[in-house]
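Notes follow the structure.
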Amino acid sequence: MSKIVFNYGVMNSSKSAQLLMLLHMYKEKGMKPLLIKPSIDDRNGVTTVSSRVGLSAEADLNIQDTLTFSMLSYMFSKRDYNKAILVDEAQFLSPEIVHIIASFARLNDLSVFAYGLAKTFQNELFEGSEAWIEEADTLNEIKTTCSVPGCERKASRNLRLSDGKAIYSGDTIQIGGEESYTGVCAKHWINYPSNL
């Protein structure tokens with residue numbers, strides 16, 4: 001029986017680490033899920049899924065702009081993938097691709113475990129994440145605390161920083177470069193300490 005699960009959290013909440021641990025668990029049981037990654041995330045190579053704690057794996061399918069039922073059917077018929085599809089950086093997929101993955105999984109009794117950010121640094125839903133929320137049978141928030149030292153509130157926002165200063169405008173999707181991102185609580189998203 002298929003199920004669609006969207007696991008979401010802020011930056012540095014261990015999303016990719018949890019995906020990679022799930023991949024390991026499947027492999028320990030002799031199963032091989034299809035691991036998908038969008039090509040826009042090329043921080044550690046176009047096909048490498050990695051976490052900040054040092055875990056990594058090579059994606060089986062790297063999606064650039066398109067994905068079709070026939071591409072997924074080919075992947076599952078040519079190789080011994082079974083039971084599940086795992087998606088890293090799920091927020092970067094287009095709504096059309098999200099709907100294709102979900103429909104393919106339901107028609108073929110596969111489970112999908114998608115991991116990603118829900119919101120941009122401007123606190124707006126990513127289009128891909130909105131589609132995952134629409135498709136999901138289960139929404140699972142991966143929780144962490146605010147990255148500001150001494151704050152114990154739940155991190156609920158992604159903050160873009162440049163030279164230690166909060167940025168609230170600019171391109172929604174920007175990977176690498178001079179900017180960095182961190183997860184903060186709502187209070188520190190509005191008023192980020194300038195002395196950090």
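Small disclaimer: the values here were computed from a predicted structure and weren't measured. The first residue in the sequence is number 1, and the count goes up from there.
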I'd like to check [X] versus [Y] (side-chain heavy atoms, cut-off strictly below 4.5 Å). Are they in contact?
{"X": "Leu67", "Y": "Leu61", "answer": "yes"}
{"X": "Phe92", "Y": "Ser39", "answer": "no"}
{"X": "His188", "Y": "Arg153", "answer": "yes"}

Is a side-chain donor or acceptor of [X] paired with a backbone partner of [Y] at a separation under 3.5 angstrom?
{"X": "Ser147", "Y": "Gly183", "value": "yes"}
{"X": "Gln91", "Y": "Leu117", "value": "yes"}
{"X": "Trp189", "Y": "Phe121", "value": "yes"}
{"X": "Asn158", "Y": "Val10", "value": "no"}

Could you grab the distance from atom [atom1] of [X] to atom [atom2] of [Y], nearest 0.5 Å is fine?
{"X": "Ser13", "Y": "Lys143", "atom1": "OG", "atom2": "NZ", "value": "12.0 Å"}
{"X": "Ile100", "Y": "Met71", "atom1": "CD1", "atom2": "CE", "value": "9.5 Å"}
{"X": "Ile40", "Y": "Ile63", "atom1": "CD1", "atom2": "CD1", "value": "12.5 Å"}
{"X": "Cys185", "Y": "Lys154", "atom1": "SG", "atom2": "NZ", "value": "11.0 Å"}
{"X": "Tyr192", "Y": "Leu159", "atom1": "OH", "atom2": "CG", "value": "6.5 Å"}
{"X": "Ile190", "Y": "Asn123", "atom1": "CD1", "atom2": "CG", "value": "9.0 Å"}

Problem set entry | Qualifying residues under side chain to side chain donor-acceptor pair (under 3.5 Å), relative to Ser129, sequence neighbours excluded | none
How close do [X] and [Y] get, heavy atom to heavy atom, and via which atoms?
{"X": "Ala105", "Y": "Val112", "answer": "CB-CG2, 3.4 Å"}
{"X": "Pro33", "Y": "Asp60", "answer": "O-OD2, 3.5 Å"}
{"X": "Ile101", "Y": "Ile36", "answer": "CD1-CD1, 4.2 Å"}
{"X": "Ser16", "Y": "Glu89", "answer": "OG-OE2, 4.4 Å"}
{"X": "Gly116", "Y": "Lys15", "answer": "O-CD, 3.2 Å"}
{"X": "Leu55", "Y": "Ala17", "answer": "CD1-O, 4.0 Å"}

Donor-acceptor pairs are to be reported for all side-chain atoms of residues 1-9 against protein atoms at under 3.5 Å, with residues two or more places apart or in another chain.
from : atom 1 : to     : atom 2 : distance (Å)
Asn7 : OD1    : Asn140 : ND2    : 2.8
Asn7 : ND2    : Ala114 : O      : 3.4

Exercise. For the rings on Trp132 and Phe126, is their centre-to-centre separation under 6.0 Å?
Worked result: no
Quick one: side chains of residues 24-32, donor-acceptor pairs under 3.5 Å with protein atoms, not counting sequence neighbours, listed by atom name and distance.
none

Problem set entry | Pairs where residues 95-106 contributes a residue and the test salt bridge (charged side-chain N to carboxylate O under 4.0 Å, His left out) is met, not counting sequence neighbours | Arg106-Glu135, Arg106-Asp137
Exercise. Honestly curious: do Tyr74 and Leu72 fall in one hydrophobic cluster under the side-chain, below-4.5 Å linking rule?
Worked result: no
Problem set entry | Glu58 bridged to Lys37 by N-O distance under 4.0 Å | no
For this session: Could you walk me through whether Tyr115 and Ile142 pass the side chain to side chain contact (heavy atoms under 4.5 Å, CB included) test, one step at a time?
Result: CA-CA 9 Å; Tyr115 291 79; Ile142 301 171; 4.0 Å; yes
For this session: Please identify each residue that fulfils salt bridge (charged side-chain N to carboxylate O under 4.0 Å, His left out) with Glu130, with sequence neighbours left out.
Result: none
Problem set entry | Residues in side-chain contact (heavy atoms from CB on, under 4.5 Å) contact with Phe76, at least two apart in sequence or another chain | Leu34, Tyr81, Ile85, Phe104, Leu110
For this session: Compute whether any side-chain donor of one residue and acceptor of the other, for Gln18 and Ser14, lie under 3.5 angstrom apart.
Result: yes
